[in-house]
There are 2 protein chains.
Amino acid sequence: MLSKKSQYAFRALTTLARNEGKGPLPISKIVKEHPMSVKFLETILLELRKNDLLGSKKGKGGGYFLLRPPEEISLAQIIRILDGPIAPLKCVSLNFYERCDDCNEVSCGLNKLMAEVRDAKLKVLVKRL
Amino acid sequence: MLSKKSQYAFRALTTLARNEGKGPLPISKIVKEHPMSVKFLETILLELRKNDLLGSKKGKGGGYFLLRPPEEISLAQIIRILDGPIAPLKCVSLNFYERCDDCNEVSCGLNKLMAEVRDAKLKVLVKRL
DNA sequence: CTTAATCCCATAGGTTATGTAGGGTTATGT
DNA sequence: ACATAACCCTACATAACCTATGGGATTAAG
């Protein structure tokens with residue numbers, strides 16, 4: 001299940017994408033379009049900024065803006081930052097790999113399937129915003 | 001991410017599938033093949049039984065057994081019972097549908113994508129065990 | 001210089017999910 | 001009777017999730 005974090009992030013980013021090139025957009029404006037907790041959105045955008053997806057400008061006239069063109073931003077990136085791995089198991093994750101000690105990765109029938117799931121999900125999620 | 005519940009269930013079910021037709025298999029035997037908490041597995045198998053995936057027999061010589069041929073059992077069924085919806089959002093779930101009030105389902109760009117993700121996942125998960 | 005807008009940061013609470021553990025009850029075959 | 005095994009209830013520790021609060025730092029504009 002997609003977390004609210006990622007859901008809200010998706011909505012905020014689409015708004016930011018539509019605002020592309022028009023300077024920073026403050027949280028207050030984003031919330032006007034998508035009713036949600038301002039404080040919660042704040043932490044979300046902060047996290048996206050720390051992961052170099054967004055830039056920000058402080059003070060009056062400040063706000064958030066995309067650091068890359070919208071075409072280069074995908075849901076996969078958002079999810080990886082806010083929710084973690086796309087793969088259903090760490091042992092088949094591309095970006096969050098961890099060895100699993102209770103299944104040997106060679107013979108475990110599960111990780112084969114989960115790798116397929118990962119690829120299937122990715123094929124959809126890498127589409128641009 | 002797949003829960004441990006579903007992971008353990010998968011392993012237990014493959015063992016039960018291999019034991020098909022040879023009568024009930026007790027938890028003690030399953031655990032011998034897949035080292036895991038007996039108590040935890042107990043609750044898992046119980047849940048699968050309540051959802052008509054498994055049958056059980058008490059007492060000496062008792063244990064668990066599949067209620068259907070292995071070919072008719074898929075990971076999708078296991079996940080739905082133990083982890084819930086396959087779809088990343090309730091509003092696009094086939095088996096756990098719930099209206100979402102903060103996005104209107106017609107124009108929300110997210111649920112379209114998530115429906116695609118659901119289908120992509122399902123295509124893999126409906127394969128037989 | 002003052003004010004208002006805005007991002008920034010830390011913390012805390014309530015809820016739910018997760019994984020584990022203990023103890024006792026009931027049914028069954030020998 | 002006895003041993004085996006499923007069944008059921010409770011409790012707990014940890015983590016994740018979502019929201020809320022209070023303040024601090026920075027900037028633009030008047």
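Per chain, numbering begins at 1; letters A, B, ... match sequence-line order.
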- Query: dC18(D) C1' sits how many Å from Asp83(A) CG, rounded?
  - Reply: 12 Å
- May I ask you to verify if any side-chain N or O of Tyr8(B) is less than 4.0 angstrom from the OP1 or OP2 atom of dT18(C)? no
- Task: Compare side-chain N and O positions of Ser56(B) against OP1 and OP2 of dC7(D) and report whether any pair is under 4.0 Å apart.
- Result: yes
- Query: Can you tell me how far C1' of dC17(D) sits from CD of Glu47(A), to the nearest Å?
  - Reply: 12 Å
- Item | Length of the CG-C1' vector between Leu82(A) and dC17(D), whole Å | 12 Å
- Query: Taking the side chain of Lys4(A) as its heavy atoms from C-beta onward, which of dA29(D), dC8(C), dC18(D) lies nearest to it?
  - Reply: dC18(D)
- Message: Using a strict threshold of under 4.0 Å (side-chain N to carboxylate O), is an ion pair present between Glu33(B) and Arg11(B)?
- Response: no
- Message: Quick check: on DNA chain D, is the nucleotide nearest Val38(A) upstream (toward 5') of the one nearest Lys58(A), or the reverse? Name the residue that is more 5'.
- Response: Val38(A)
- Message: Tell me whether the side-chain N/O atoms of Lys57(B) come closer than 4.0 Å to OP1 or OP2 in dG29(C).
- Response: yes
- Message: Whether Glu20(A) and Arg68(A) form a salt bridge (side-chain N of Lys/Arg under 4.0 Å from carboxylate O of Asp/Glu) is what I want to check.
- Response: no
- Note on the structure: side-chain hydrogen bond (donor to acceptor under 3.5 Å, both in side chains) with Thr15(B): of Lys32(B), Lys29(B), His34(B), only one passes, and it is His34(B)
- Any side-chain heavy-atom pair of Gln7(B) and Phe10(B) under 4.5 Å: no
- Query: Could you state the CG-P distance from Leu2(A) to dA16(D), rounded to the nearest angstrom?
  - Reply: 17 Å
- Note on the structure: Considering only heavy side-chain atoms of Ile27(A), the closest of dT19(D), dC7(C), dA27(C) is dC7(C)
- Message: Whether Arg49(A) contacts dC9(C) is assessed here as follows: a side-chain N or O lying under 4.0 Å from the phosphate OP1 or OP2. Is that the case?
- Response: yes
- Message: Any carboxylate oxygen within less than 4.0 angstrom of a Lys/Arg side-chain nitrogen, looking at Glu116(A) and Lys123(B)?
- Response: no
- Message: From CG of Leu54(A) over to P of dT6(C), roughly how many Å is that when rounded to an integer?
- Response: 17 Å
- Would you indicate what Lys29(B) reaches in the nucleic acid, counting non-hydrogen atoms under 4.0 angstrom: base, sugar-phosphate, or nothing? nothing
- Phe65(A) CZ to dT6(C) P, in whole Å, measures 15 Å
- Given dA5(C), dT18(C), dA27(C), the nucleotide with the shortest approach to the side chain of Ser3(B): dT18(C)
- Query: Which comes earlier along DNA chain C counting from the 5' end, the contact point of Thr43(A) or that of Gly59(B), where each point is its nearest nucleotide?
  - Reply: Thr43(A)
- Query: Considering only side-chain heavy atoms of Lys39(B), which listed nucleotide, dT27(D), dA21(C), dC8(C), is closest?
  - Reply: dA21(C)
- Task: Report the nucleotide, chosen from dC18(D), dT27(D), dC7(C), that has the shortest atom-to-atom distance to any side-chain atom of Phe40(A).
- Result: dC18(D)
- Message: Suppose we call a contact any N or O donor and acceptor under 3.5 Å apart; does that hold for the side chain of Glu42(A) and the base of dC7(C)?
- Response: no
- Message: What's the closest nucleotide to the side chain of Pro26(A) if the choices are dT19(D), dC18(D), dC7(C)?
- Response: dC7(C)
- Message: What is the distance, to the nearest angstrom, from the CG atom on Leu45(A) to the P atom on dC9(C)?
- Response: 14 Å
- If you find the nucleotide of DNA chain C closest to Leu46(A) and the one closest to Lys60(A), which residue's nucleotide is nearer the 5' end? Lys60(A)
- Under a 3.5 Å cut-off for both distances, is dG29(C) Watson-Crick or wobble paired, and to whom? dC2(D)
- Query: Hey, is Lys39(A) close enough to Glu42(A) for a salt bridge, meaning N to O under 4.0 Å?
  - Reply: yes
- Please determine, for dT2(C), whether a Watson-Crick or G-U wobble partner exists with both distances under 3.5 Å, and give it or none. dA29(D)
- Note on the structure: Rounded to whole Å, CE of Met36(B) lies from P of dT18(C) at a distance of 17 Å
